[in-house]
Amino acid sequence: MSGNEAMRASASVRIEGVVKRHGTTTVLHGVDLAIEPGEFFVLLGPSGSGKTTTLRILAGLEPVSDGRVFMDEVDVTMREPGERDVAMVFQSYALYPHMTVAQNIGFPLKMVGTPSVEVAAAVNEAAAKVGIAHLLGRTPGQLSGGQQQRCALARAIVRQPRLFLLDEPLSNLDAKLRMETRLELHALQRNLGATTVYVTHDQEEAMTLADRIAVFMDGRIVQVGTPREVFSTPRTIEVAGFIGTPAMNFVSGAWSGATVTVAGVPLAVRASTDQPREVKLGVRPNDLRIVAEGLPARIERIEDLGDSCIVSFAAGESHLKLKSDRLHPVKEGDEVRLAFEPGAEHLFDAQTGARL
Amino acid sequence: MTGRKPFRSLALAAVAGVGLAVWVFPVIWGLLTSFKTERDVLAYPPVWFFKPTLDNYREVIFGASSIMPNLWSSLVVSTSATFFTMLFAIPAAYALARLKYPAKRASGFYVLATQMLPPVGLIIPYYLALQKVGGLDTYSGLTLIYLTFSLPFAIWLMVSYFEDIPFEMEEAALLDRAGRLRTLWYVILPQVRGGIAVTTIFVFLNAWNEFMFAVVLGGNRVRPVTVAMFNFISVEQTQWAKVAAGAMLAMLPVILIGLFAQRHIVKGLTVGAVKGGGRR
Amino acid sequence: MGSGTKPARSLAAQERRFALALFVPALLVLLLTTTVPLVYLGWTSLQKLDMSMPWLSGFAGLGNYAKMGGDPRFWNSLVLTGVYTGTTVVLQVIIGLSLALLVLQIPKGQGLLRVAAILPIVLAPVVVGLFWRTLVLAPDFGLVDLVTRTVGLGSHNWLGDPQLALISVIAIHTWQWTPFAFLVLLATLATLPPDVYEAARLDRAGAWQRFWHITLPLIRPAIVMVVILRMMTALSAFAAIFAATGGGPGSATEILNLYAYRTSFTELNLGYGASLAMVLLSITMAISYLMFRLRRARS
Ligand SMILES: Nc1ncnc2c1ncn2[C@@H]1O[C@H](COP(=O)(O)OP(=O)(O)OP(=O)(O)O)[C@@H](O)[C@H]1O
Ligand SMILES: [Mg+2]
């Protein structure tokens, strides 16, 4: 790939105040995003939060109700999908069932009048990149799920688009294949250097693939950052609860000075406050410890996962989980005391859910 | 389910067999009759084994009352009606099934309503109008009125086939820079080839079998085979064997189509019935 | 990349333009071939237009409609239309459904039965009418007479006797179109999930209860659809009756459709024929409207 093409193969993307309404329901309430050239950018969020809608707006498949979309600082809001030079891999793959794999992959080139010799060469190259060069003569119906997925991928990369959009491309694969393909996808993107926007609701996928993540909640972006930032400093309680498995534990408490008092038990926290207030205290299961002094809790269940174990507790009203890679010498029904790794706590405003 | 009660399943088979024989037998009987001499036809009790003759067929093909010109008329008018129907129906059905445009629901309903029109209500104005412009006894006049029943039917049948395609198809093709027209041509139409074939068959069958329009708007030049058969019986009252031979010849195309496209016809009937189209 | 040169257009507007370009030709054809003629029909129905007495032609206002009130042949045709439509539709659904339920339990040979059922459907109604008139219903030599004579019921003039003629044309129509109901219902029944039946069996539902409480509700939409379509066909039935009896003897099998036709093209009274056709049109439209309302209310 020449330098010129490499430049062309990655665009910067910016969207400003994008609003999307379906009739009276608003599904996107003013979304802003700026994506760097060559970045692997993941849209993460629970089901129905507006990720697909955002992606389709980038593709031009969905008109915006308000706001603007820029690619390389050119306003493309009103531009048709075919004129945006973007490629998309659909969740259902949307392969053309009546065409062979080769015809599928070559279709986007054929449509711009590329000579058939060049099409054939490009098809072979793209198919080789995703490892389906031996399947070119088959039709999509004769492919396995993983092969179909690769075919869809090849169809997207063959034209070296400026922007590469993927909507949960791995969700139809089984767990093992998903893991493998994830790594390959990452390597492929690095190799091509194309700006990539990737939708998923699987936070593990997001963590491993993304340069940066945008977390969607109810039609809004609540946080943008690197996987590490999003994991370690979630901006709201929803983000904190969404990222990480098992989910972060939350207990209500009263914060004053450098202590949060939970169910009468004072727990030391790093930050201190002048004015006492109600907070939600969040602790990741990995950071929870069974100790001599701390929050009293009763063990409800112990799940042994082989390489690690998850212990569930009931502490007053709340249910907590602890994840550890060594088996604890405890059994179900035991009364224990819990604390957390110093400094591992997350504090959120009890009313607004914002990080404190 | 049935293994436990062999008697019951036998009885079931017998009832179903009788029911279905009732549908087949008249046609078989007609086929047999067409090979009989007129004397054998009127034998009582009826003869099952007789010396078959091809005289009846010779007569209706080469004789004075040959129906070959009528078969030709039927072929011309059915083919042209089918061609024009599909020409207009496929694009319209595609728009109706998959695109957004103003007053779409209303226009879909309009198409459905036109399908409900009784033919006798159309034939009077057509007769008067075609008479004025000299359009009686012409292929174009008959083709035009055939569109009245075949076009709405074909549109609705095609809609149900277009609806079966996943909606991402167009989006993928649009992103592949195919544009609307080439998306339709390269991506969508190849996927409804089966539906186009079934619809074409239905439209052709309906046109071939049509009688009322043909008898009023046809004439000496354009006389489809259905009309010819009708005239035949008025003239050749008692020559059943000849009538049977003519009928067999006239119905040969549709019977063959019916047998070969059997599976598709059932699907077409069901699709039409379930989705709300279909006059047959 | 050249994508910035085209003027920006909105996707929705472009889709709309494309859709209209595809749909409008068919719409125009339909307007021209169905709606304009209907308006002309309405106009004709207000005319005195008798080809046998062309000198009397002129505007008649609602005269043609008024004339119907005192026309016994019209009322007769209306009754016959009701009888013909009602009986043929009911018979088709009952026979078709029973047969479909039976055939569904036959493990083998369903394909053959389907082929057999296709046969009457693809035949031209006029040919069916001729067939029945000659080979099936003719006195002495027709198949039916052969049977009745063999079992000692004697020979009958099936198409010559007014009452028998009505029964005969109903039989012909039922013969030809029951396969439609049969095939559609068979296909619908075949798509029903078997686990529903197994669950019901475990609940100790008898065969009849299973049919009444499970099968029937599940296939109701298909039945309603079959009924609608069959009514439309029956209301505008023409060729088979025309070929078998011509509407006779007298007007014994003259349903409204045939009456409108004969008035227009045998007696050449096109004005009155048009008004009769308008009545049939209103009946058809009213019934389809009601049936679609019913269908929507159910679903
Ligand atoms: N055509 C439509 N009409 C009305 N509401 C819609 C339409 N399309 C999407 N929505 C709504 O918009 C919201 C966002 O949908 P979107 O598909 O973007 O979610 P998502 O984040 O991709 O979810 P998932 O992870 O389930 O795919 C949902 O609540 C959905 O119900
Ligand atoms: Mg989605």
Side-chain angles (χ1 to χ4, degrees), chain B residues 2 12-13 15-16 19-20 23-24 26-27 29-30 33 42 46 88-89 91-92 94-95 99-101 107 114 116-122 124-126 144 147-148 151 155 180 205 209 211-212 216 226 229-230 233 240 243 247 250-251 254-255 258-259 262 265-266 269-270 273-274 278-279, chain C residues 15-16 18-20 22-23 25-26 29-30 33-34 37 40-41 44 99 102-103 105-107 113-120 122-124 126-127 130-131 134-136 141 143 179-180 183-184 187 222 225-226 229 232 236 238-239 243 257 260-261 264-265 270 273-274 277 280-281 284 288:
Chain B
T2 46
L12 280 177
V15 174
L20 293 160
W23 285 330
V24 183
V27 181
W29 190 243
T33 306
L42 300 182
F88 289 107
Y94 177 69
L99 301 174
K100 288 202 196 80
Y101 60 95
S107 55
T114 57
M116 301 293 175
L117 302 179
V120 75
L122 290 168
I124 296 168
Y126 268 86
L144 201 64
L147 289 179
T148 60
L151 189 52
I155 290 176
R180 288 279 171 193
L205 279 181
N209 286 343
F211 174 70
M212 187 204 273
V216 175
T226 46
M229 288 313 302
F230 182 78
I233 195 96
W240 289 5
V243 172
M251 290 295 101
V254 292
I255 291 177
L259 294 185
Q262 183 250 126
I265 288 188
V266 176
L269 291 175
T270 329
V274 173
R279 149 159 266 142
Chain C
E15 177 173 342
R16 193 156 54 230
F18 185 63
L20 290 177
L22 294 183
F23 188 76
V29 169
L30 279 179
T33 59
T34 65
Y40 193 22
L41 176 76
T44 309
L99 215 52
L102 279 177
V103 166
Q105 302 187 28
I106 298 174
L113 303 181
R114 276 201 208 101
V115 176
I118 290 283
L119 213 49
V122 299
L123 294 180
V126 65
V127 169
L130 292 175
F131 244 81
T134 53
L135 299 177
V136 182
F141 304 106
L143 285 171
F180 175 98
L183 288 171
V184 170
M225 210 53 235
V226 167
L229 296 175
M232 294 304 132
S236 54
F238 176 78
N257 194 36
Y261 176 87
S264 310
F265 297 107
L270 287 155
L280 180 62
L281 176 73
T284 312
S288 24

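Just so it is clear: chains get the letters A, B, ... in the order the sequence lines come, proteins before strands, and each one is counted from 1.
Heavy atoms closer than 4.5 Å to chain C are found in the side chain of Phe211(B), but not in its backbone. Contacts between Met229(B) and chain C at a heavy-atom distance below 4.5 Å involve backbone atoms as well as side-chain atoms. For Tyr261(C), the parts lying under 4.5 angstrom from a heavy atom of chain B are both the backbone and the side chain. In this structure, the portions of Leu270(C) lying under 4.5 Å from any heavy atom of chain B include both its backbone and its side chain. Both the backbone and the side chain of Leu113(C) come within less than 4.5 Å of a heavy atom of chain B. Both the backbone and the side chain of Pro25(C) come within contact range of chain B, each with at least one heavy atom under 4.5 Å from a heavy atom of that chain. Only the side chain of Ser264(C) comes within contact range of chain B, judged by heavy atoms closer than 4.5 Å. Interface residue Leu41(C): backbone and side-chain heavy atoms are both found under 4.5 Å from chain B. For a residue to count as touching a neighbouring chain, one of its non-hydrogen atoms must lie under 4.5 Å from one of that chain's; by this rule Thr148(B) touches chain C with backbone and side chain alike. Of the two parts of Thr44(C), only the side chain, counted from C-beta on, holds a non-hydrogen atom closer than 4.5 Å to a non-hydrogen atom of chain B. Only the side chain of Val126(C) comes within contact range of chain B, with heavy atoms under 4.5 Å apart.
Note that CD1 of Ile124(B) is 5.5 Å distant from CZ of Phe265(C), once rounded to the nearest 0.5 Å.
Not a single side-chain hydrogen bond (donor to acceptor under 3.5 Å, both in side chains) links Arg114(C) to another residue, sequence neighbours left out. Residues satisfying the side-chain hydrogen bond (donor to acceptor under 3.5 Å, both in side chains) criterion with Tyr126(B), sequence neighbours excluded, are absent altogether.
Across all their heavy atoms, Ala26(C) and Ala92(B) have their closest contact at CB-CB, 3.5 Å. Between Pro179(C) and Trp23(B), the closest heavy-atom pair is CG-CE2, 3.4 Å. For Ala247(B) against Val127(C), the heavy-atom pair with the smallest separation is CB-CG1, 4.0 Å. Closest approach of Pro119(B) to Ser236(C), counting heavy atoms only: CD-CB, 3.6 Å. Heavy-atom minimum distance, Thr284(C) versus Met116(B): CG2-O, 3.2 Å.
Of the listed residues Ala116(C), Ala19(C), Ala277(C), the one with more heavy-atom pairs under 4.5 angstrom with chain B than any other is Ala19(C). When each of Pro125(B), Gly258(B), Ala250(B), Pro26(B) is scored by its heavy-atom pairs under 4.5 Å with chain C, the top score falls to Pro125(B). Per-residue counts of heavy-atom pairs under 4.5 Å with chain C were compared for Leu147(B), Leu259(B), Thr226(B); the largest is that of Thr226(B).
The aromatic rings of Tyr101(B) and Phe23(C) lie tilted to each other, with the angle between the two planes from 30° to 60°.
Leu123(C) is listed as a side-chain neighbour of Val27(B), based on a closest heavy-atom distance under 4.5 Å. By the 4.5 Å heavy-atom criterion applied to side chains, Leu280(C) and Val120(B) are counted as neighbours. Considering only heavy atoms from C-beta on, Thr114(B) stays 4.5 Å or farther from Thr33(C) through its side chain. A 4.5 Å side-chain heavy-atom check between Tyr94(B) and Phe18(C) finds at least one atom pair inside the cut-off.
Partner of Gln262(B) under the side chain to side chain contact (heavy atoms under 4.5 Å, CB included) criterion, chosen from Ile118(C), Val122(C), Leu183(C), Leu119(C): Ile118(C).
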